[in-house]
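Read the structure below first, then the notes.
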Amino acid sequence: MSTDYNFSEIERKWQKFWAENGTYKVTEDSGKPKFYVLDMFPYPSGAGLHVGHPLGYIASDIYSRYKRLQGFNVLHPMGFDAFGLPAEQYAVQTGRHPALTTDENIARYKSQLNRIGFSYDWTREIRTSDPAYYKWTQWAFLKMFGSWYDNTLGKARPIEELEAHFASEGTSDVNAACSREMSFSAAEWNSMTEKEHADVLMNYRIAYLGETSVNWCPALGTVLANDEVKEGLSVRGGYPVIQKKMQQWQLRVSAYAERLLGDLDTLDWSDSLKEMQRNWIGRSEGAEMIFKVENGDRTYDVTIFTTRADTVFGVTFMVLAPESEWVDRLTAPQMRSQVDEYLASAARKTERERMAQTRQVTGVFTGSYAVNPLTGQKIPVWISEYVLAGYGTGAIMAVPAHDSRDYAFARHFNLPIIPLIEGCDVSQESFDAKDGVMCNSGFLNGMTVKEAIPAAIAKVEEMGIGRRKVNYRLRDAIFSRQRYWGEPFPIYYKDGVAVPMEMSDLPLCLPEIDKYQPTESGEPPLARARNWEYNGWPIEKSTMPGFAGSSAYYLRYMDPCNDKALVDRRKDEYWRNVDLYVGGTEHATGHLIYSRFWNKFLYDLGYVCEPEPFRKLVNQGMIQGRSNFVYRIKGTNTFVSYNLKDQYDTTEIHVDVNIVHNDRLDLDAFRKWLPDFASAEFILEDGEYICGWAIEKMSKSMFNVVNPDNVCDTYGADTLRLYEMFLGPIEQSKPWDTKGIDGVHRFLRKFWRLFYDKDGAVFTDVKATSAELKVLHNLIRKVSSDIEHFSMNTSVSAFMIAVNELSEIKCRSREILEPMVILLSPFAPHICEELWNRLGHDDSVSNASYPEYVESYTVENTFEYPVSFNGKMRFKMELDLGLSPKEVEAAVLASPNTEKYLGGKPVRKVIVVPSKIINVVF
RNA sequence: GCUCGAGUGGUGGAAUAGGUAGACACGCAGGACUUAAAAUCCUGUGGACAGCAAUGUCCGUACGGGUUCGAUUCCCGUCUCGAGCACCA
């Protein structure tokens, strides 16, 4: 048996052993407490894993292994978010089926992941593109289609219950989340046709078909994302793009806004992430108010939303969003052509352009006038892009004196500005602060803004023209994509009415098609499928978006092979929800909102037992690339070292970081790298070629992608794991920099030498000394609390200190070394498994139990007393244990610290309290 | 513009309740072992000043104030960087 630390042999051996023995397979075990550790599953891209990807996986694996050692039954699965755009675009170009490329990419990801030694239970692997998996994505969609949201009970209910209510009582007492308010009697409902019923119910369904605005490119016949459009033209082809209203499937996420916001308080997530979700949900309290608008001889009630009901006396005009449904009815005949022209120009702009032109004032007068409900004054109604159709009611009352956007608009179109707060100056800019005393405001005069807001709301409520209202920025999620590589909708159209398929017919599998681009007539790729119909009726041709499959995947891991249910009730009740979720912040307002929504929906219907999916969440930072450069003297094939480059006229060239070590270029490897450089000459400094460097995004084109496989080849997986943790705090983004990886590798070899020197094993059964026990137990305490706090970098440091100390005192005792192996095994599982085996254990170290911390070993016969003066002042001093309070007092008074910290002030009294805090009164 | 977070040696970063700032590691310098190299080990390493020396004194956690016997830590203001949102009425 080798006495060297031969990491490649050891790692291969144990990875094989774990796979063959199913070491990390878990089953539900009611005798053990559960712990569920989850990573955000990856999209398997063609480029494979780079060293940035495993950062979070390593941290969560350490945590999983740590919890397992502590006796928890740990669920730690992995799978793949396999539907997605890159595979489809590749298919469009090459004609290869996305399923093939996806399978290849997954195989590559799995082999890369397995080299790093993760403790995944691969028997629970899921893939979102697997029909057995997406059956349950489709199932959840149909459940949403078959549900409505009851605002009174605050939960989703089956749509049949709403139908029954309509049949007996119409819309009275219905408080439902809906696209637009409806009002009808039971008799009216009962006399409607089947199609009319379907239309009404669509207004209430949680998954519903509705109109929404999209970037539409008529020439390409497809919807484009905002970043695929520049200056109103498609990036590919340069065809014009317009804003178009289209029928799209949507999820009524907005119905859950209140709960998504409120339940954030129950979660152990970072404050910044919670804040992001709060901003995204965007709760704002205000009031709805009805303004009467006259157009010719007709009068309409237009509802607006405002957070500043107090400013209603300063309303000098009204503004509608260009897409508002009121625009048509409120346009006076003489203004029709100008309004149409404005609407057309607004429609030509993309969302992106609107953002870019934020401060440009545009608008058009409708020709109609509203009446200010409190002053009775007639005010003009305008249309402008700065009012958004999707927020509030798509119509506002404009108060130029106290809103900067209204102010800019009023200045531009010369509309009156009436200040409402005493002493404010609105000659240059609006006064937006909710601060001051009201004036020019009738019955509100003399009140502060804070008093005036509720008073104004009370007044309009009394007049019957308004009410308190909470608005959210959160919009319903658009759920249709005109793509191939996604879940098909289990919906067919019977005489144009959307009808759900039978649950028993799920999954509805993605059909084979011969080409992956949209059809010539502009239909989605699925229109190419033959016989894409159900009972003779056409099936929906769009597919679901990426977030569909990733919204409930954590539930499926609990019971991945169940074909009767998404998750068996008993298994769900055992695993409940994710205790620790690790992933990037980029999902803060996407996946993490959708998942919470999806989970709450299933919770409402009783399919899952927890209202929140992810209890604790840790965001790992991104690993950036560290690019290296060489400097070629212009017009030559000679390269000059970094510190000498200023003496020449050079070109900076990216060089593959894999042939650079500690910024030193491997000259031979460089000559072999590219044919151009085969005959390269070098101007060296101190015999070496030093490269320049820069921090950039890790990408192929910068030649700064570091493949974890290479690191495993050179240093081993255990070194990679430790080094990624040692790099810095998990949450922080940082560049990958191999400087320092040698130090970590050195540590592992040093650890190995505690067990083996060149002559063989050195560990013995000798009893541990108190100095050795102190090192061990200090380490147990430090490492445990660091892992709990997810401070993996400092725990690696603690290991280094402990191993240094143990080698210095020449520790040989198994009594110390065995627990050391267990402690380190979450971080460096391969070396620890090998040493554990060599120490004579047959079982895997992952089945060992975590060593228990014994305080008395670490304190020996002295103890640190924090000393507090006057309850405020404290310092640390070492005192012998077992002193009486009198002796402690004497020691404190005699301590040089006392003199130092008090600066010569007399100490009157020392009080020793049971908590080992000493109060010194002076 | 709004919201949140962060600024510490040559570098990555420690300091868990306000109590010796710079742990640990890299890098660098010097040394031991070696014919040599690799590997390993040891010593030094924030700055300034004084001293042959052990050592001592002062300054130092972006900047300016404040609270405190004492501030990297708490408070106010300024600057810089990062992240997110961005006409949300």
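Note on naming: letters A, B, ... go to the chains in the order of the sequence lines (proteins, then strands), and numbering restarts at 1 for each one. Here the structure is a predicted model, which is why all the values come from computation and not from measurement.
Comparing the P positions of B:U45 and B:A23 gives a spacing of 10 Å, expressed to the nearest Å. Spacing of P atoms, B:G70 relative to B:A21, comes out at 14 Å, to the nearest Å. When the P atom is used for both B:G7 and B:G56, the distance is 32 Å, rounded to whole Å. Spacing of C1' atoms, B:U73 relative to B:A62, comes out at 16 Å, to the nearest Å. The C1' atoms of B:G13 and B:A17 are separated by 23 Å, rounded to the nearest whole Å. Annotation: B:U80 and B:U67 have their C1' atoms spaced 26 Å apart (nearest Å). Taking atom C1' on both B:U55 and B:C63, the two are 35 Å apart, rounded to the nearest angstrom.
Applying the side-chain contact (heavy atoms from CB on, under 4.5 Å) criterion to A:Ser254, with sequence neighbours excluded, gives A:Arg252, A:Asp476. In this structure A:Gln428 satisfies the side-chain contact (heavy atoms from CB on, under 4.5 Å) test with no other residue, sequence neighbours excluded. Judged as a salt bridge (Lys or Arg N to Asp or Glu O under 4.0 Å), and not counting sequence neighbours, the contacts of A:Arg467 are A:Glu288. Applying the side-chain contact (heavy atoms from CB on, under 4.5 Å) rule to A:Glu275 yields the partners A:Arg278, A:Asn279; only residues at least two apart in sequence or on another chain are considered.
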What does the 5'-to-3' dot-bracket notation of RNA chain B look like when only Watson-Crick and G-U wobble pairs under 3.5 Å count, and pairs to other strands show as |?
(((((((..(((......[....)))((((((.......))))))(((((....)))))..(((((..]....))))))))))))....
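The residue A:Arg626 sits apart from the nucleic acid: no heavy atom pair falls under 4.0 Å. Residue-level contact check: A:Asp406 touches neither bases nor backbone, having no heavy atom under 4.0 Å from any strand. In this structure, A:Ile396 reaches the bases: a heavy-atom distance under 4.0 Å links it to at least one base atom across the strands shown. A:Pro729 comes within 4.0 angstrom of the backbone, heavy atoms only, and of no base. If you check every strand for non-hydrogen atoms under 4.0 Å, A:Arg278 touches nothing. Within the nucleic acid shown, A:Thr306 comes within 4.0 Å of sugar-phosphate atoms alone, with no base atom in reach, counting heavy atoms only. A:Lys782 comes within 4.0 angstrom of a base, heavy atoms only.
Nearest heavy-atom pair, A:Gly760 versus A:Thr3, reported as atom, atom and distance to 0.1 Å: CA-CG2, 3.5 Å. A:Asp310 and A:Met438 make their closest contact through O-CE, 3.3 Å (heavy atoms, listed as atom of the first residue, atom of the second, distance).
Residue pairs meeting the salt bridge (Lys or Arg N to Asp or Glu O under 4.0 Å) criterion with at least one partner in residues 800-811 of chain A, sequence neighbours excluded, are absent.
In this structure, of B:C87, B:U40, B:A89, it is B:U40 that holds the atom nearest to the side chain of A:Arg749. You'll find that the side chain of A:Arg473 is closest to B:C85, out of B:C85, B:C41, B:C24. Side-chain proximity of A:Thr794 to B:A25, B:A15, B:A89: nearest is B:A15. Comparing atom distances between the A:Phe726 side chain and each of B:G12, B:C87, B:U16 picks out B:G12 as nearest. Set against B:G84, B:G13, B:C41, the side chain of A:Arg753 has B:C41 as its closest nucleotide. For A:Asp403, taking side-chain heavy atoms from C-beta onward, the closest of the listed nucleotides B:U16, B:A14, B:A89 is B:A89. For A:Leu388, the side-chain atoms get nearest to B:C87 when compared with the rest of B:C87, B:U40, B:A83. The side chain of A:Asn804 lies closest to B:A25 when the candidates are B:A25, B:A39, B:A89. The side chain of A:Asn793 lies closest to B:G13, out of B:C87, B:G13, B:C26.
Heavy-atom nearest nucleotides on RNA chain B were determined for A:Ala389 and for A:Met276, and the one closer to the 5' end corresponds to A:Met276. Where A:Thr585 and A:Val796 each meet RNA chain B at their nearest nucleotide, the meeting point lying more 5' is that of A:Val796.
The CG atom of A:Leu474 sits 16 Å away from the C1' atom of B:A86 (whole-angstrom rounding).
Contact between the side-chain N/O atoms of A:Ser284 and the OP1/OP2 oxygens of B:A89 is found at a separation under 4.0 Å. The side chain of A:Gln732 contributes no N or O atom lying less than 4.0 Å from OP1 or OP2 of B:A6. Considering only side-chain N and O atoms, A:Tyr386 lies nowhere under 4.0 angstrom from the phosphate OP1 or OP2 of B:A89. Look at A:Lys750 and you'll find a side-chain N or O under 4.0 angstrom from OP1 or OP2 of B:C41. In terms of phosphate contacts, A:Arg746 brings a side-chain nitrogen or oxygen within less than 4.0 Å of OP1 or OP2 of B:C26.
At a threshold of 4.0 Å, the pair A:Glu285-A:Arg468 counts as salt-bridged, since one of the basic side-chain nitrogens sits closer than that to a carboxylate oxygen.
Remark: A:Arg596 qualifies as a cation-pi partner of A:Trp269 under the 6.0 Å distance and 45° angle criteria applied to the six-membered ring.
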